[in-house]
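A short write-up of the structure that comes next.
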There are 2 protein chains.
Amino acid sequence: MTTIKDVAREAGVSIGTVSATLNGTKYVSDKLQKRVHEAVKKVGYTPSVAAQSLKKGSAKIIGLILPDITNQFFAVLARAVEKAATSHEYTVLLGNSDQDQKKEADFLRLLKNHRVAGLILAPSSSGEEYGRNLADTVATPVVLVDRKTEGVVWDSVVSSNKDGARRAVMHLIECGHSRIAGIFGISYVSTVRDRLEGYKEVIRAAGYTVSPELIATGCNDPEKVRLAAQAMLNLRERPTAFFASNNQVLQGVMLAVRNHGLNCPRDISITGFDGMGWADLMDPPMTTVEQAASEMGAEAVRLLIHRLQGNSGPPQHIVLPTQFLVRKSSVPPLDSIYKW
Amino acid sequence: MTTIKDVAREAGVSIGTVSATLNGTKYVSDKLQKRVHEAVKKVGYTPSVAAQSLKKGSAKIIGLILPDITNQFFAVLARAVEKAATSHEYTVLLGNSDQDQKKEADFLRLLKNHRVAGLILAPSSSGEEYGRNLADTVATPVVLVDRKTEGVVWDSVVSSNKDGARRAVMHLIECGHSRIAGIFGISYVSTVRDRLEGYKEVIRAAGYTVSPELIATGCNDPEKVRLAAQAMLNLRERPTAFFASNNQVLQGVMLAVRNHGLNCPRDISITGFDGMGWADLMDPPMTTVEQAASEMGAEAVRLLIHRLQGNSGPPQHIVLPTQFLVRKSSVPPLDSIYKW
DNA sequence: ATGAAAGCGCTAACAT
DNA sequence: ATGTTAGCGCTTTCAT
């Protein structure tokens with residue numbers, strides 16, 4: 001591998017001059033600049049990130065920890081982060097946590113080893129203790145995405161989760177549903193909590209009671225979703241509508257409804273959070289609340305870069321609006337069915 | 001940030017001993033080992049990847065270049081790569097090329113700067129010249145995934161693309177279709193070429209003619225797909241079936257068919273490549289050929305690690321079988337319509 | 001069995 | 001305006 005020395009020799013200058021012209025750190029005459037650039041090209045020099053990082057004490061790397069890139073929402077988010085980071089000359093190191101604190105911690109350590117400049121994180125828990133632990137291990141600036149953590153002073157970018165859930169459930173109520181089931185992911189992340197709150201609030205505000213038998217949390221894999229939905233469908237008083245709190249849950253609910261021999265929307269309505277491009281093509285097209293995944297990633301980088309530039313100030317909390325799209329999966333209930 | 005020196009001081013040993021116990025490079029007495037480990041914990045030491053890489057001349061990093069992580073297929077692939085790489089203590093640096101050679105080259109340079117140990121790449125072109133250029137810039141072992149490049153001697157892992165396409169088109173023919181439209185992505189990647197070949201072969205073998213008006217290549221964005229599909233639907237002799245050569249094309253075709261006021265499968269059949277979990281839930285459930293995305297990633301890492309361990313030998317080419325799943329989108333043609 | 005020290009490639013402070 | 005040099009944190013060779 002060629003080094004700065006090779007360039008210096010080739011150009012007939014000192015390595016200091018090479019470094020200076022490549023980084024624009026101090027004045028170098030046009031003549032030498034030209035010679036340096038030619039030499040760089042000639043010997044095929046590429047600077048060693050390792051050496052630069054070692055010298056500078058930190059690398060131009062942004063760590064990104066997401067639950068699972070396989071979830072379309074996070075894929076879009078990651079893509080936006082990569083794009084924005086690249087435009088600022090940062091590389092991104094991506095890790096999938098599966099919402100597992102062990103994996104998250106492992107990757108965190110890795111990022112630390114890499115002396116990353118900053119971190120964008122969708123935390124796997126929202127607890128205060130968890131947040132403090134995290135704060136202890138990472139000394140660099142952190143921006144939270146998608147979810148927040150309690151009592152920690154980092155910037156954050158999240159969707160208006162509560163509001164999104166409210167709109168979806170409200171819509172269901174306006175359609176005439178009163179037994180609305182809610183299926184949610186892991187209960188200790190803030191998105192779930194917020195969406196659950198929105199769900200409950202609207203149901204109560206409509207004068208209905210929030211019945212525990214119609215709420216399932218902790219459904220972070222397709223099988224759990226299926227089981228939960230199935231149990232609800234077997235209830236004596238079956239729900240007439242489902243609120244699926246994320247795109248993976250939505251998938252599970254659709255499958256469960258179908259396996260139960262039910263037709264959506266005729267027999268049962270479904271509303272999802274996050275369709276990510278496929279909602280339109282599904283059977284039936286799904287009513288969803290859509291999140292601004294791409295903006296979320298871009299904003300997160302913006303906030304992080306801002307910190308990396310040395311700005312301190314109080315933590316910024318950005319809430320991105322969601323968009324509620326009524327498609328075909330949510331209609332008034334079929335009386336004959338829900339009365340039995 | 002704490003360094004190896006801090007550990008050495010804390011443990012009352014030399015930095016050489018610290019290094020040796022941490023890496024197991026040579027014998028260190030149990031007593032000292034214990035003291036070192038305690039000191040590590042006490043001062044919260046994490047080794048600097050930069051320093052290690054600088055010293056070693058290369059980093060334990062695998063570069064991964066994919067067209068677009070937002071495409072479910074590549075997301076699953078990436079996830080598998082990350083998992084396998086991590087289990088071998090490698091970090092992965094992921095870049096999205098958008099099949100753009102400029103972006104690909106930029107990211108390649110970045111990887112070079114990082115002195116990555118090896119590279120897993122879905123090349124944005126299959127040309128021989130392109131491949132040679134690539135070979136010149138990257139000195140490290142490379143494993144090609146999803147697509148291959150001509151005349152280059154790297155290991156590769158791809159799907160049985162031609163065979164997959166053949167089965168899908170054969171199925172359409174067996175249903176009784178003779179005017180089968182094919183919509184493909186960028187023509188200079190090997191997947192497209194292979195799938196196109198499979199498509200043509202089967203049509204010819206069935207005794208039908210391959211008509212250029214029913215073939216569109218270069219459809220790498222939804223709009224292009226829509227336009228191409230629309231144009232075909234407006235043909236005097238409209239196709240009675242579509243073969244969509246990847247999941248994004250599939251999405252576009254479905255939309256175009258619907259916008260044209262047609263119903264799939266009644267008016268027209270559709271067959272896709274790669275449903276990635278959603279095919280079942282679509283309207284109608286889509287007949288697809290499914291790829292082993294996850295295995296592809298895992299195999300790629302396996303091959304790469306094998307090279308990194310110093311094995312030379314001739315290039316290995318792994319072809320992963322595809323799975324053809326008949327769902328509801330492909331049925332015999334409605335005579336009343338295709339005869340007009 | 002352990003320590004001392006050189007040197008990886010680079011940046012930046014200092015010298016000229 | 002350019003060159004020289006120390007030193008970032010680590011691995012590894014060479015002494016002891």
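Here is how names work: the chains are called A, B, and so on, in the same order as the sequence lines, proteins then strands, and each is numbered from 1.
Checking the phosphate oxygens (OP1, OP2) of C/dC8, no side-chain nitrogen or oxygen of A/Thr3 falls inside 4.0 Å. Within the structure, every side-chain polar atom (N or O) of B/Gln52 is placed at least 4.0 Å from both OP1 and OP2 of D/dG9. For the pair B/Ser29 and C/dT2, the criterion of a side-chain N or O lying under 4.0 Å from OP1 or OP2 is met. Contact annotation: A/Tyr45 side-chain N/O to C/dC10 OP1/OP2 distance is under 4.0 Å.
As judged by a 4.0 angstrom heavy-atom cut-off over every strand, A/Thr25 is placed among residues touching the sugar-phosphate backbone only. Base engagement by B/Ser19 is indicated by at least one non-hydrogen atom pair under 4.0 Å involving a base atom. Heavy atoms of B/Gly16 sit under 4.0 angstrom from at least one base atom. Using a 4.0 Å heavy-atom cutoff across all strands shown, B/Ile15 reaches at least one base atom of the nucleic acid.
Annotation: the span from A/Leu119 atom CG to A/Ile62 atom CD1 amounts to 9.5 Å, rounded to 0.5 Å. Atoms CG and CZ, on B/Asn96 and B/Phe74 in that order, are 10.0 Å from each other to the nearest 0.5 Å.
Between A/Asn113 atom CG and D/dT11 atom P the separation is 11 Å, expressed in whole Å. The distance from atom CG of B/Leu54 to atom P of D/dG7 is 17 Å, rounded to the nearest whole Å. With rounding to whole Å, A/Lys26 atom NZ is found 11 Å from D/dA1 atom P. One interatomic measurement links the two molecules: CG of B/Asp30 to C1' of C/dT2, which rounds to 15 Å at whole-angstrom precision. Rounding to whole angstrom units, CG of residue A/Leu22 and C1' of C/dA12 are separated by 15 Å. Going from atom CZ of B/Arg9 over to atom P of C/dG3 covers 15 Å, rounded to whole Å. If you take CG of A/Asp6 and C1' of C/dC10, they are 13 Å apart, rounded to a whole angstrom. For the pair B/His114 NE2 and C/dC10 P, the interatomic distance rounds to 14 Å; values are reported in whole Å.
Mapping B/Val28 and B/Lys56 onto DNA chain C via the closest heavy atom, the residue that lands nearer the 5' end is B/Val28. Along DNA chain C, the nucleotide nearest to B/Leu32 and the one nearest to B/Lys55 differ in position, and the one closer to the 5' end is contacted by B/Leu32.
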Derivation and outcome, side-chain hydrogen bond (donor to acceptor under 3.5 Å, both in side chains), residues A/Gln33 and A/Tyr27: CA-CA 10 Å; A/Gln33 287 213 23; A/Tyr27 186 90; over 6 Å; no

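Closest to the side chain of B/Ser14, out of D/dC8, D/dG9, C/dG3, is C/dG3.
Salt-bridge check for A/Glu82 with A/Arg79: passed, with a basic side-chain N closer than 4.0 Å to an acidic carboxylate O. We find that A/Lys60 and A/Glu89 are not joined by a salt bridge, their nearest charged nitrogen and carboxylate oxygen being 4.0 Å or further apart.
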